[in-house]
There are 2 protein chains.
Amino acid sequence: MSTRHRLLAAAAGALAEDGFAAASARSIAARAGVNQALVFYHFGSVADLLDAAVRWSVDEAVDDYRRRFAEVRTLPELLALGGELHATEKERGHVAQMAQVMAGAQRDPRLAGAARYAIDAWSVQVEAVLARVLATSPMSGLVAPAGMARAVTAGFIGLQLYEAVDPEAAAAAMDALSLLGVLAQAMEGLGPVANRAMRSRLERAHRPRVTRT
Amino acid sequence: MSTRHRLLAAAAGALAEDGFAAASARSIAARAGVNQALVFYHFGSVADLLDAAVRWSVDEAVDDYRRRFAEVRTLPELLALGGELHATEKERGHVAQMAQVMAGAQRDPRLAGAARYAIDAWSVQVEAVLARVLATSPMSGLVAPAGMARAVTAGFIGLQLYEAVDPEAAAAAMDALSLLGVLAQAMEGLGPVANRAMRSRLERAHRPRVTRT
DNA sequence: GTCTATACATAGATAGAC
DNA sequence: GTCTATCTATGTATAGAC
């Protein structure tokens with residue numbers, strides 16, 4: 001394993017486990033078992049290293065899940081996969097890492113670029129699933145899969161942050177969310193008549209956007 | 001305005017605008033226009049000041065919205081209020097501040113306490129609305145308002161983080177979310193027969209929890 | 001490519017004058 | 001209560017030996 005590679009992995013780990021604020025050149029180098037100066041030799045700056053590490057590790061993580069996403073056919077399946085992803089990635093730290101990157105990105109444009117890259121990478125997967133899953137639903141054509149996918153991904157990151165703050169409450173939140181999938185799924189099997197009725201209700205309710213004054 | 005008070009406000013502002021990593025005793029004191037040593041005189045440590053500032057500012061923010069939450073009667077209204085809150089608080093920085101606190105909380109137990117306090121404060125408001133709004137819905141009794149409220153609040157924070165990373169995409173995500181409210185609202189007006197049908201579908205689908213092997 | 005050594009900025013925190 | 005001055009630790013980054 002090359003030093004460059006070790007630094008990438010160490011930076012990703014430092015972000016996930018120690019957080020953005022503690023991801024210094026010294027702590028990353030120590031984690032990688034190499035000298036601190038090599039951070040600057042290989043990547044120029046800590047920000048550059050973090051940027052590279054996020055892109056690298058997000059590519060790896062998404063690759064691992066690409067097949068799983070492709071198998072999803074229903075919304076509850078998507079939520080089940082989300083729950084599984086939540087559990088696995090809590091150990092591996094990929095999503096926690098993203099949360100840290102997004103927090104750091106609030107003031108660092110370079111990290112913001114990495115965060116955009118990461119969210120897009122995950123969202124593209126979710127979007128493909130949503131487009132497939134919602135095609136036969138009364139919601140089809142009314143909801144933009146791209147926007148919904150971003151909402152799902154961003155919301156998921158919020159939940160991941162919450163997980164570290166209050167594990168029990170976060171678990172209760174995940175449980176409650178599973179109902180949304182059940183709800184959408186229940187709409188699927190309504191039959192053509194009820195389906196059309198539901199759809200017309202949705203269209204009528206959706207057009208005049210809700211505005212409060 | 002007392003020095004103590006100025007420090008609280010400055011700490012809240014530093015968190016929201018400069019981020020957790022940049023919220024140092026010196027930068028906060030500069031923002032408050034007081035000497036750096038006063039942070040330690042009044043609060044003992046930076047972590048203690050941040051903790052106090054978060055609790056103080058969350059109490060203020062929630063107070064501002066208490067009445068508005070109490071007026072909400074439907075899910076689309078809740079989402080509309082959420083959108084408005086998103087817009088106003090982006091300027092005031094209360095939710096961005098929470099995002100920073102949650103990011104910092106990943107490794108700092110004291111900040112984790114503040115984060116729990118903050119999420120609970122918002123969630124209690126959301127929970128009351130959800131309990132009221134869902135009472136007449138086919139979902140009543142199936143979804144735990146407490147868990148759902150936490151999911152909404154945590155997800156909202158994720159969206160707020162996303163806002164700084166990719167404003168256009170975040171706006172698209174908010175738009176897509178508004179459909180969820182419309183969806184639930186459309187279920188409300190289905191009439192008693194369809195309502196019961198929907199409810200039985202939900203109950204059947206919900207009981208045997210979706211598990212993938 | 002990797003190391004040691006070091007320059008320099010900024011962090012948290014405290015002592016003591018006022 | 002507030003200030004100046006200072007200690008100490010840690011951060012980024014670079015120069016130069018190997």
Side-chain angles (χ1 to χ4, degrees), chain A residues 1-54 56 97 100-101 103-114, chain B residues 1-54 56 97 100-101 103-114:
Chain A
M1 203 160 161
S2 71
T3 294
R4 212 191 137 81
H5 194 135
R6 290 158 73 98
L7 280 172
L8 284 173
L15 268 181
E17 288 167 34
D18 303 335
F20 163 70
S24 68
R26 282 185 156 90
S27 77
I28 293 170
R31 194 182 267 266
V34 303
N35 189 279
Q36 170 259 156
L38 294 179
V39 166
F40 303 96
Y41 174 77
H42 284 287
F43 295 94
S45 74
V46 174
D48 282 313
L49 167 55
L50 292 179
D51 182 64
V54 169
W56 166 77
Q97 175 198 109
Q100 288 298 317
V101 173
Q106 306 295 302
R107 280 309 247 179
D108 184 335
R110 175 170 286 130
L111 272 183
Chain B
M1 202 161 161
S2 70
T3 294
R4 213 192 135 81
H5 194 138
R6 292 158 71 98
L7 280 172
L8 285 174
L15 267 181
E17 287 167 35
D18 302 335
F20 163 70
S24 67
R26 286 183 155 90
S27 77
I28 292 170
R31 194 182 267 266
V34 303
N35 189 278
Q36 169 258 155
L38 295 178
V39 166
F40 303 95
Y41 175 78
H42 284 287
F43 296 93
S45 74
V46 175
D48 282 313
L49 167 55
L50 292 179
D51 181 62
V54 168
W56 166 76
Q97 176 198 110
Q100 288 298 317
V101 173
Q106 305 296 303
R107 280 307 250 181
D108 184 334
R110 176 171 285 128
L111 273 183

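All values derive from a computational prediction rather than experimental measurement. Throughout, protein chains are lettered first and strands after them, A, B, ... in sequence-line order, and every chain is numbered starting at 1.
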Closest heavy-atom pair and its distance - [X], [Y]:
{"X": "A/A25", "Y": "A/V46", "value": "CB-CG2, 3.6 Å"}
{"X": "A/H42", "Y": "A/L7", "value": "CD2-CD1, 4.2 Å"}
{"X": "B/S45", "Y": "B/F40", "value": "CA-CD2, 4.0 Å"}
{"X": "B/A32", "Y": "B/A10", "value": "CB-CB, 3.6 Å"}
{"X": "A/Q100", "Y": "A/L15", "value": "CG-O, 3.3 Å"}

Among [options], the nucleotide that comes nearest once only the side chain of [X] is considered:
{"X": "A/F40", "options": "C/dA13, D/dT2, D/dT12", "answer": "D/dT12"}
{"X": "B/T3", "options": "D/dT14, C/dG1, D/dT2", "answer": "D/dT2"}
{"X": "B/A37", "options": "D/dT2, C/dT14, D/dT12", "answer": "C/dT14"}
{"X": "B/Y41", "options": "D/dA13, C/dG12, D/dG1", "answer": "D/dG1"}

For atom [atom1] of [X] and atom [atom2] of [N], their distance in whole Å:
{"X": "A/H42", "N": "D/dT14", "atom1": "NE2", "atom2": "C1'", "answer": "16 Å"}
{"X": "B/R4", "N": "D/dT2", "atom1": "CZ", "atom2": "C1'", "answer": "16 Å"}
{"X": "A/N35", "N": "D/dC18", "atom1": "CG", "atom2": "C1'", "answer": "13 Å"}
{"X": "B/I28", "N": "C/dG12", "atom1": "CD1", "atom2": "C1'", "answer": "12 Å"}
{"X": "A/D108", "N": "D/dG11", "atom1": "CG", "atom2": "C1'", "answer": "15 Å"}
{"X": "A/L7", "N": "C/dC3", "atom1": "CG", "atom2": "C1'", "answer": "14 Å"}
{"X": "B/F43", "N": "C/dT14", "atom1": "CZ", "atom2": "C1'", "answer": "18 Å"}
{"X": "A/L50", "N": "D/dT12", "atom1": "CG", "atom2": "C1'", "answer": "13 Å"}

Hey, which of these two, A/A22 or B/Q36, hits DNA chain D nearer its 5' end, going by closest nucleotide?
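That would be B/Q36.
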Of B/R26 and B/L38, the one whose closest DNA chain D nucleotide lies more 5':
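Closer to the 5' end of DNA chain D: B/L38.
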Quick check on D/dG11: is either OP1 or OP2 less than 4.0 Å from any side-chain nitrogen or oxygen of A/S24?
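It does, given that an N or O in the side chain of A/S24 lies less than 4.0 Å from OP1 or OP2 of D/dG11.
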